[in-house]
Amino acid sequence: KQEVTQIPAALSVPEGENLVLNCSFTDSAIYNLQWFRQDPGKGLTSLLLIQSSQREQTSGRLNASLDKSSGRSTLYIAASQPGDSATYLCAVKDKTDKLIFGTGTRLQVFP
Amino acid sequence: GAVVSQHPSRVICKSGTSVKIECRSLDFQATTMFWYRQFPKQSLMLMATSNEGSKATYEQGVEKDKFLINHASLTLSTLTVTSAHPEDSSFYICSARDGEGNQPQHFGDGTRLSIL
């Protein structure tokens with residue numbers, strides 16, 4: 001059974017810092033991995049999607065990497081801003097075509 | 001971009017009431033829709049998957065008679081929580097996808113359900 005773990009569970013940093021959020025999964029047989037942002041009481045906004053054949057994806061200040069063989073992905077946020085404060089979720093699409101979500105990292109960026 | 005509208009955003013009602021939540025894809029055809037449940041500070045748990053015109057496929061432990069799902073058109077799916085009780089209070093989120101598995105899922109803004 002696929003399990004997705006995110007570390008750290010919570011993170012509080014001053015504005016301007018570069019951040020790394022970690023995601024690990026137990027079964028490397030995935031189709032893709034996706035990073036989402038969730039604001040309090042809201043739905044999910046997709047940030048980056050990495051297909052299983054890809055190593056990384058970039059969008060603006062965000063960079064996500066995927067090492068499928070070791071079951072790991074990282075989300076790198078450059079020059080963090082208070083507006084980046086949210087919960088970040090990673091999810092893997094497994095062979096049953098379902099998204100399996102991690103428990104998230106709650107990020108707070110203070111001015 | 002692809003937009004999924006979920007309504008209502010918040011419901012507060014008495015125990016025993018049935019509650020219907022709508023999920024609409026506004027600018028694309030949602031061949032597949034997904035319903036998730038999220039408890040506070042926990043991740044999303046898939047409840048069921050529905051394909052347009054077919055019966056929903058429920059995850060293990062999810063009561064299909066309790067959570068009725070209808071996906072009658074390519075743009076609309078509904079989740080009805082029947083005879084809701086306080087333990088059904090949660091955040092429910094839908095998502096929609098156009099096409100095959102490698103296409104991204106687009107999420108609604110969720111519905112906060114509170115049963116008194």
Side-chain angles (χ1 to χ4, degrees), chain A residues 1-11 21 23-26 29-54 57 59 64 66 68 86-108, chain B residues 1-11 21-26 31-51 56-62 89-97 99-114:
Chain A
K1 179 184 175 185
Q2 178 75 269
E3 293 184 1
V4 181
T5 305
Q6 289 186 246
I7 295 173
L11 188 60
L21 308 182
C23 173
S24 61
F25 45 96
T26 54
I30 65 169
Y31 286 131
N32 59 47
L33 182 144
Q34 204 163 354
W35 282 94
F36 295 90
R37 169 186 173 136
Q38 184 177 29
D39 292 290
K42 297 292 185 180
L44 276 63
T45 300
S46 179
L47 299 174
L48 292 164
L49 184 150
I50 312 176
Q51 301 293 352
S52 62
S53 58
Q54 298 175 323
Q57 284 286 331
S59 176
L66 173 64
K68 199 173 71 165
T87 295
Y88 291 81
L89 296 165
C90 75
V92 299
K93 182 182 288 293
D94 69 0
K95 52 193 172 186
T96 64
D97 195 32
K98 297 173 186 174
L99 277 182
I100 311 298
F101 284 85
T103 49
T105 294
R106 293 187 301 282
L107 173 66
Q108 182 179 8
Chain B
V3 177
V4 174
S5 173
Q6 189 172 337
H7 179 81
S9 59
R10 185 171 179 91
V11 179
I21 303 170
E22 292 188 349
C23 181
R24 293 179 184 273
S25 58
L26 298 187
T31 51
T32 307
M33 284 188 168
F34 305 85
W35 288 94
Y36 296 85
R37 183 172 181 175
Q38 186 179 33
F39 290 104
K41 296 188 178 180
Q42 295 188 25
S43 194
L44 278 73
M45 298 299 294
L46 180 65
M47 298 174 66
T49 302
S50 71
N51 292 295
T57 302
Y58 290 80
E59 294 300 299
Q60 189 173 6
V62 179
S89 299
S90 190
F91 192 59
Y92 293 87
I93 306 177
C94 72
S95 71
R97 184 181 73 199
E100 297 302 318
N102 263 342
Q103 296 300 313
Q105 291 183 26
H106 306 284
F107 286 79
D109 276 345
T111 297
R112 172 72 59 192
L113 177 61
S114 300

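Below, chain A is the first sequence line, B the second, and so on; all start at residue 1. Note that this is a predicted model, so its numbers are computed, not measured.
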remark   = Cut-off 4.5 Å, heavy atoms of chain A, and the answer for B/Ile93 is side chain
ask   = Where the side chain of A/Thr103 meets the backbone of B/Gln42, is there a donor-acceptor pair that is under 3.5 Å apart?
value = no
key: Separation between OG1 of A/Thr45 and CG of B/Asp109, rounded to the nearest 0.5 Å   = 7.5 Å
Modelled atom types, side-chain donor and acceptor of A/Gln38 and B/Gln38, under 3.5 Å = yes
ask   = Just how far is it from atom OG of B/Ser43 to atom CZ of A/Phe36, taken to the nearest 0.5 Å?
value = 10.0 Å
key: Proximity breakdown for A/Leu49 and chain B, heavy-atom pairs closer than 4.5 Å   = side chain
request  = Let me know if B/Gln6 has heavy atoms under 4.5 Å from chain A in its side chain, its backbone, both or neither.
outcome  = neither
query = Do the side chains of A/Ser46 and B/His106 get nearer than 4.5 Å, heavy atoms only?
reply = no
request  = Identify which part of A/Gln51 has an atom lying under 4.5 Å from any heavy atom of chain B, answering side chain, backbone, both or neither.
outcome  = side chain
ask   = What's the shortest heavy-atom distance between A/Leu99 and B/Phe107, and which atoms?
value = CD1-CZ, 4.1 Å
task = Could you give me the CA-CA distance, side-chain angles and deciding distance for B/Met45 and A/Ile100, then say whether side-chain contact (heavy atoms from CB on, under 4.5 Å) is met?
result = CA-CA 8 Å; B/Met45 298 299 294; A/Ile100 311 298; over 6 Å; no
message = Just so I understand: if I count every heavy-atom pair under 4.5 Å between each of A/Gly104, A/Ser52, A/Gly43 and chain B, which residue has the most?
response = A/Gly43
remark   = To the nearest 0.5 Å, atom CG of A/Leu44 lies from atom CD of B/Gln105 at 10.0 Å
